[in-house]
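Structure record follows, encoded as structure tokens.
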Amino acid sequence: MDKVTVRQLAADAEYFADKEVTVNGWIRNNRDQKSFGFIALNDGTHFNTIQIVYEKDFLPYYEQVAAMRVGSAISATGKLVLTPEARQPFEIKASEVRLEGDSPSDYPIQPKRHSREFLREVAHLRPRTNLFNAVFRVRSLLAFAIHKFFQEKGFIYLHSPIITANDAEGAGELFRVTTLDPKESPLTDNGSVDYSSDFFGKKTNLTVSGQLEAEIFALAFKDVYTFGPTFRAENSNTPRHAAEFWMIEPEIAFADLNDNMDLAEEMVRYLINYLLEEAETEMDFFNQFVDKGLKERLQNIVGSEFARISYTEAIGKLKKAGQKFEYPVEWGKDLQTEHERCLTEKIYKKPVFVTGYPRDIKAFYMRVNDDQKTVAAMDLLVPVVGEIIGGSQREERTEVLEESMAHFNINRDDLWWYMELRKYGGVKHAGFGLGFERMLMYLTGVGNIRDVIPFPRTVSSCEF
RNA sequence: UCCUCAGUAGCUCAACGGCAGAGCGACCGGCUGUUAACCGGUAGGUUGCAGGUUCGAAUCCUGCCUGGGGAGCCA
């Protein structure tokens, strides 16, 4: 009696046909009748459950099996029978069913529909549901696909630091990292906290981006990427924001904004293809129960070029769109969510790169265009989710960078090493940040970031 | 942080100033192939918390807490 997984059985049912096998898993549903019953068992290795058929004539302890409850862990042994005419391709005729771990009748995950909100409160049990089984398997596959994509292209994977002392980037509110006692922190003469006696001898925080470090490596390895956790202490209360999320940040040297967009587009297309191939069962499930048009939309994307327009063009198109906006469309102001949705969902109906934003609404490190008013920035906007990628060509000209830093009130002494990158063999380079969870939302159709993170951390919420 | 909606049985909701209900789930029973089965029955409640108005509050008012959605910030 070989221990097998449902994944193994699904991969080669013919081979296992009529052989005795043992599977271990958790009961999703148990229906008994007078002299036989059916257990739907999920062993975690496959989205689908396997049906265990048990009969009174073969099991002296039939009533005990019939009484096994949803959520219980069991071990079932029996002959694998191919059932091509039934809804499931095969099932197990049980010769033995052993209870490994009981589950009382107050088990919260019952065979019925549950709301996402409720399941968030039982995040320790929700991985045992169809939706979260699919989401987290796809999450794992997507992470792998990202590494595969970049590794195949020869990119170096950089572990950028999680704890950092630079807060010069202005990408958001920071989580402080300290070993000082909050009640008895040492103070300086002017009454502020004296960080020189803190663990690192200076003020430190959790990273909001690995970009600046990625630039260092890009100017040594040419093509690099980071993929790690990122922390923002923003008081954001939306379905698209979390305090802890994962980000992918490629950085490429000897490259400009167009190379950057080419890379982003190739990557998105690669990831979609990968999931459509490697997670067919899960993608079908999302398409059927989460977002009806998902697969068609993704397949369209694979087959068509992304739109690429300048910010200035976008403003023009929006003005001519004939749609009433709550916030007026005006050159110089950032695009509002409603504007982005109009572009992706109404005008283009596909992902759109918007480039050349006004300098004042973007970051200091972005390369200033010849018009002096705009920078070589690019955002990739997708329907529903909105911005999933933000990137730019970096300012490689020392004088211009210094001027920008002054303009944005950034202390260049803190970023002395960043300046030296320009001084020693500086070259044009570019990169972008991809929100891993936002990509996951886009690819699964799941509308809330809290449902694609195993244990989400959001404002006033850090359970599990 | 702002705006908005909601909180009633394990879950999803109804009752909207006058006896707290349904569906699903659970439990018990029935059913010879079920597919989140089907049929019959049983149990299950401090109506988020604190105060107020009223003869009477799940229902109206105030505050707080929690959750959803929208906006901003962004990925």
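Throughout, protein chains are lettered first and strands after them, A, B, ... in sequence-line order, and every chain is numbered starting at 1.
- Using atom P as the reference point in both B:C24 and B:C39, the two lie 8 Å apart (nearest Å).
- Side-chain contact check for A:Asn42 and A:Thr49: no donor-acceptor pair (N or O, by modelled atom type) lies under 3.5 Å.
- For the C1' atom pair drawn from B:G44 and B:A26, the interatomic distance equals 9 Å after rounding to whole Å.
- Atom C1' of B:C13 sits at a distance of 23 Å from the matching atom of B:C27, rounded to the whole Å.
- A:Tyr357 has its OH atom 12 Å from the C1' atom of B:C74, to the nearest Å.
- Taking atom CD1 on A:Ile39 and atom P on B:A36, their separation rounds to 16 Å, with Å as the unit.
- When heavy atoms are screened at a 4.0 angstrom cut-off, A:His241 is found touching base atoms of the nucleic acid.
- Here the OH-CZ distance, from A:Tyr365 to A:Phe408, works out to 10.5 Å after rounding to the nearest 0.5 Å.
- In terms of polar N and O atoms assigned as donor or acceptor, the side chain of A:Lys112 comes within less than 3.5 Å of the base of B:C11 in a complementary pairing.
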Could you walk me through whether A:Ile156 and A:Tyr225 satisfy the side-chain contact (heavy atoms from CB on, under 4.5 Å) test, starting with their C-alpha distance in whole Å, then the side-chain angles of each, then the deciding distance to 0.1 Å, before giving a yes or no? CA-CA 6 Å; A:Ile156 291 288; A:Tyr225 70 106; over 6 Å; no
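- Under the side chain to side chain contact (heavy atoms under 4.5 Å, CB included) criterion, A:Thr312 pairs with A:Ser310, A:Trp331, not counting sequence neighbours.
- Atom P of B:G18 sits at a distance of 15 Å from the matching atom of B:C61, rounded to the whole Å.
- Summarising the geometry, the separation between CD on A:Glu338 and P on B:G72 is reported as 8 Å, rounded to the nearest angstrom.
- If you take atom P in B:U8 and the same atom in B:G48, they sit 6 Å apart, rounded to whole Å.
- Of the two residues contacting RNA chain B, namely A:Glu326 and A:Ser461, the nearest-nucleotide position lying further toward the 5' end is that of A:Ser461.
- B:U47 and B:A14 are spaced 13 Å apart, taking the C1' atom of each and rounding to whole Å.
- Nucleic acid contact class of A:Ala40 (heavy atoms, under 4.0 Å, all strands): none.
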Would A:Thr22 and A:Thr77 count as a side-chain hydrogen bond (donor to acceptor under 3.5 Å, both in side chains) if you check the C-alpha gap in whole Å, the side-chain angles of each, and the deciding distance to 0.1 Å? CA-CA 4 Å; A:Thr22 295; A:Thr77 301; 2.8 Å; yes
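- Donor-acceptor pairing under 3.5 Å is recorded for the side chains of A:Thr374 and A:Asn369.
- Within the nucleic acid shown, A:Phe118 comes within 4.0 Å of sugar-phosphate atoms alone, with no base atom in reach, counting heavy atoms only.
- Remark: A:Ala218 engages A:Val224, A:Glu251 in a side chain to side chain contact (heavy atoms under 4.5 Å, CB included) (not counting sequence neighbours).
- Taking the P atom of each, B:A15 and B:C28 are spaced 34 Å apart, rounded to whole Å.
- The side chain of A:Ser105 lies closest to B:C27 when the candidates are B:C74, B:U1, B:C27.
- A:Glu121 places its CD atom 15 Å from the P atom of B:G7, with the value rounded to the nearest Å.
- Spacing between atom CG of A:Asn237 and atom P of B:U1 amounts to 8 Å, rounded to whole angstrom units.
- The side chain of A:Arg438 has B:C74 as its nearest neighbour among B:C31, B:U12, B:C74.
- Taking the centre and axis of the six-membered ring of A:Tyr418, the NZ or CZ atom of A:Arg394 falls outside the cone set by 45° and 6.0 Å.
- Nucleic acid contact for A:Phe436: none, since no nucleic acid atom lies under 4.0 Å from a heavy atom of the residue.
- The side chain of A:Glu234 sits closest to B:C73 out of B:G25, B:C73, B:C74.
- For A:Arg120 and B:G68, the shortest distance from a side-chain N or O to OP1 or OP2 is below 4.0 Å.
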Nucleotides 37-44 of chain B: which of its N/O atoms have a protein N/O under 3.5 Å away?
from: B:A37; atom 1: OP1; to: A:Asn29; atom 2: ND2; distance (Å): 3.1
from: B:A37; atom 1: OP2; to: A:Asn29; atom 2: ND2; distance (Å): 2.1
from: B:A37; atom 1: OP2; to: A:Arg31; atom 2: NH1; distance (Å): 2.4

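- Here A:Arg69 lies in heavy-atom contact (under 4.0 Å) with sugar-phosphate atoms only.
- Residue-level contact check: A:Asn235 touches the bases, meaning some heavy atom is under 4.0 Å from a base atom.
- The two residues A:Ile248 and A:Pro250 come nearest to each other via the heavy atoms O-CD, 3.6 Å.
- Against RNA chain B, the stretch residues 441-460 of chain A makes heavy-atom approaches under 4.0 Å through A:Asn448, A:Ile449, A:Arg450.
- When each of A:His114 and A:Ala67 is assigned the nucleotide of RNA chain B with its nearest heavy atom, A:His114 is the one assigned upstream, toward the 5' end.
- Of all the heavy atoms in A:Asp256 and A:Asn258, the pair that sits closest is OD1-N, 3.1 Å.
- Nucleotide B:G70 holds its P atom 18 Å from the CZ atom of A:Phe325, rounded to whole Å.
- When heavy atoms are screened at a 4.0 angstrom cut-off, A:Glu85 is found touching no nucleic acid atom at all.
- Under the rule for a side chain to side chain contact (heavy atoms under 4.5 Å, CB included), the partners of A:Thr281 that lie at least two apart in sequence or sit in another chain are A:His46, A:Phe47, A:Asn48.
- Rounded to whole angstrom, the span from the NZ atom of A:Lys333 across to the P atom of B:C73 amounts to 12 Å.
- Donor-acceptor pairing under 3.5 Å, judged by distance alone, is present between the side chain of A:Ser236 and the base of B:C73.
- Side-chain nitrogen and oxygen atoms of A:Ser35 include none within less than 4.0 Å of the OP1 or OP2 phosphate oxygen of B:U32.
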Hey, mind stepping through A:Thr444 and A:Arg139 against side-chain hydrogen bond (donor to acceptor under 3.5 Å, both in side chains) and telling me if it holds? CA-CA 9 Å; A:Thr444 60; A:Arg139 185 179 169 114; over 6 Å; no
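- Between the base of B:U34 and the side chain of A:Gln88 there is a donor-acceptor pair shorter than 3.5 Å.
- The closest donor-acceptor contact from the side chain of A:Asn448 to the backbone of A:Arg450 lies under 3.5 Å.
- In this structure, A:Gln211 places its CD atom 13 Å from C1' of B:A75, rounding to the nearest Å.
- Comparing B:U42 with B:A57, their P atoms sit 31 Å apart, to the nearest whole Å.
- Checked against the 6.0 Å centroid criterion, the rings of A:Tyr54 and A:Phe36 do not qualify as a close aromatic pair.
- Residue contacts shown for A:Glu437 are absent, as no nucleic acid heavy atom lies under 4.0 Å away.
- The residues A:Arg308 and A:Asp262 are annotated as salt-bridged, a charged nitrogen and a carboxylate oxygen being separated by less than 4.0 angstrom.
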Determine which bases of RNA chain B form Watson-Crick or G-U wobble pairs with both distances under 3.5 Å, and write the result as a 5' to 3' dot-bracket string with | for other-strand partners. (((((((..((((....[..)))).(((((.......))))).....(((((..]....))))))))))))....
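- Note on A:Thr238: a base of the nucleic acid sits closer than 4.0 angstrom, heavy atoms only.
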